[in-house]
Amino acid sequence: FRSMLDIRRSKDAYIGSLRDSKRTSITTEELCSYKFYFRFKRVAGLYWTEKDPFWSKNDPMRISFRSDGFVIGFPWDALQMKWHFVDDDGRTCEQKGSFMRVAINGRCVPTNTISRHRNWGIILQV
């Protein structure tokens with residue numbers, strides 16, 4: 001929408017940004033362009049929450065999703081994490097999606113839903 005501002009179409013840019021703030025799907029390009037704050041929820045269990053700096057009152061981990069499907073940023077070298085988009089039936093889909101599945105060492109964990117924060121940021125959560 002910044003390109004619209006550059007050519008003095010501020011009203012169109014504003015309307016477009018409001019419309020975009022409601023979008024709940026994300027493209028691969030968008031997903032791979034951010035660093036996400038990450039924390040385990042309590043339901044993940046003591047094994048994971050004890051390793052998570054968030055639960056020790058430290059800054060949360062920052063993770064990134066690469067276009068080759070790998071997730072990076074976790075401090076545990078033994079974990080190989082890969083991601084892919086899925087549709088609402090759990091079938092793999094390409095390029096964009098509202099749902100994402102991560103596999104840790106080849107084992108899929110519950111599906112993440114993509115939603116928007118009230119500040120228009122992107123939330124990935126189980």
Side-chain angles (χ1 to χ4, degrees):
F1 304 107
R2 291 181 189 274
S3 63
M4 289 182 184
L5 288 174
D6 293 342
I7 58 171
R8 307 240 187 258
R9 293 182 54 203
S10 58
K11 182 178 177 183
D12 291 338
Y14 177 69
I15 291 168
S17 68
L18 288 176
R19 189 175 302 123
D20 187 65
S21 74
K22 308 292 186 221
R23 180 172 53 96
T24 58
S25 65
I26 188 171
T27 66
T28 298
E29 181 181 2
E30 289 173 303
L31 181 69
C32 296
S33 68
Y34 300 113
K35 275 194 147 189
F36 288 86
Y37 288 100
F38 179 89
R39 70 173 182 87
F40 284 101
K41 291 184 176 182
R42 190 179 314 275
V43 73
L46 196 58
Y47 176 83
W48 293 109
T49 57
E50 283 184 343
K51 294 177 179 297
D52 187 342
F54 172 84
W55 292 98
S56 301
K57 309 255 188 268
N58 293 307
D59 290 336
M61 292 179 272
R62 301 284 307 266
I63 63 168
S64 299
F65 298 89
R66 294 190 340 200
S67 59
D68 62 3
F70 283 94
V71 181
I72 57 172
F74 287 95
W76 310 294
D77 293 334
L79 295 180
Q80 181 189 58
M81 301 181 74
K82 293 198 79 173
W83 69 273
H84 62 277
F85 289 123
V86 294
D87 63 18
D88 54 357
D89 291 325
R91 293 183 302 253
T92 298
C93 56
E94 301 294 324
Q95 300 304 313
K96 74 175 188 174
S98 296
F99 305 97
M100 184 181 65
R101 188 163 292 149
V102 173
I104 301 173
N105 292 339
R107 182 174 170 224
C108 284
V109 297
T111 301
N112 287 275
T113 301
I114 298 168
S115 61
R116 298 301 283 268
H117 192 277
R118 66 178 171 268
N119 69 7
W120 299 3
I122 297 168
I123 300 172
L124 307 171
Q125 71 179 342
V126 174

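Residue numbers count from 1 along this sequence.
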Who pairs with [X] by side chain to side chain donor-acceptor pair (under 3.5 Å), at least two apart in sequence or on another chain?
X: Ser115; result: none
X: Ser33; result: none
X: Arg66; result: Asp68

Residues that [X] engages under side-chain contact (heavy atoms from CB on, under 4.5 Å), provided they are two or more places apart:
X: Arg62; answer: Lys35, Tyr37
X: Ser56; answer: Asn58
X: Thr24; answer: Ser98

What pairs with Asp87 under salt bridge (charged side-chain N to carboxylate O under 4.0 Å, His left out), at least two apart in sequence or on another chain?
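Checked Asp87 against salt bridge (charged side-chain N to carboxylate O under 4.0 Å, His left out); matches are Arg91.
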
List the residues meeting salt bridge (charged side-chain N to carboxylate O under 4.0 Å, His left out) with Asp59, not counting sequence neighbours, and say none if there are none.
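By the salt bridge (charged side-chain N to carboxylate O under 4.0 Å, His left out) rule, Asp59 matches no residue at all.
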
Determine whether [X] and [Y] fall in the same hydrophobic cluster, where Ile, Leu, Val, Met, Phe, Trp and Tyr are linked whenever their side-chain heavy atoms lie under 4.5 Å apart.
X: Leu79; Y: Phe36; value: yes
X: Phe70; Y: Val102; value: no
X: Tyr47; Y: Val109; value: yes

Rounded distance (nearest 0.5 Å) linking atom [atom1] of [X] with atom [atom2] of [Y]:
X: Arg23; Y: Lys96; atom1: CZ; atom2: NZ; value: 8.0 Å
X: Lys22; Y: Arg116; atom1: NZ; atom2: CZ; value: 9.5 Å
X: Met81; Y: Asn105; atom1: CE; atom2: CG; value: 9.0 Å
X: Ile63; Y: Trp83; atom1: CD1; atom2: CH2; value: 11.5 Å
X: Arg39; Y: Trp55; atom1: CZ; atom2: CH2; value: 5.5 Å

Identify the heavy atoms of Arg101 and Cys108 that sit nearest to each other, and give their distance.
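Scanning both residues, the minimum pair turns out to be CD-SG, 3.5 Å.
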
In sequence, state the C-alpha distance, the side-chain angles, and the governing distance for Ile26 and Met100, and then conclude on side chain to side chain contact (heavy atoms under 4.5 Å, CB included).
CA-CA 10 Å; Ile26 188 171; Met100 184 181 65; over 6 Å; no

Which ILVMFWY residues can you reach from Val86 by hopping between side chains whose heavy atoms are under 4.5 Å apart?
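When side chains under 4.5 Å apart are linked, the cluster holding Val86 also contains Phe99.
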
Side chains of residues 118-126: which donor-acceptor partners sit under 3.5 Å, not counting sequence neighbours?
from, atom 1, to, atom 2, distance (Å)
Asn119, OD1, His117, ND1, 3.2
Asn119, OD1, Gly121, N, 2.8
Gln125, OE1, Lys41, NZ, 3.4

Sequence neighbours left out, what passes ring-ring contact (aromatic ring centres under 6.0 Å, His included) with Trp48? Give chain and number order.
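With sequence neighbours excluded, Trp48 shows a ring-ring contact (aromatic ring centres under 6.0 Å, His included) to Phe40, Trp76, given in chain and number order.
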
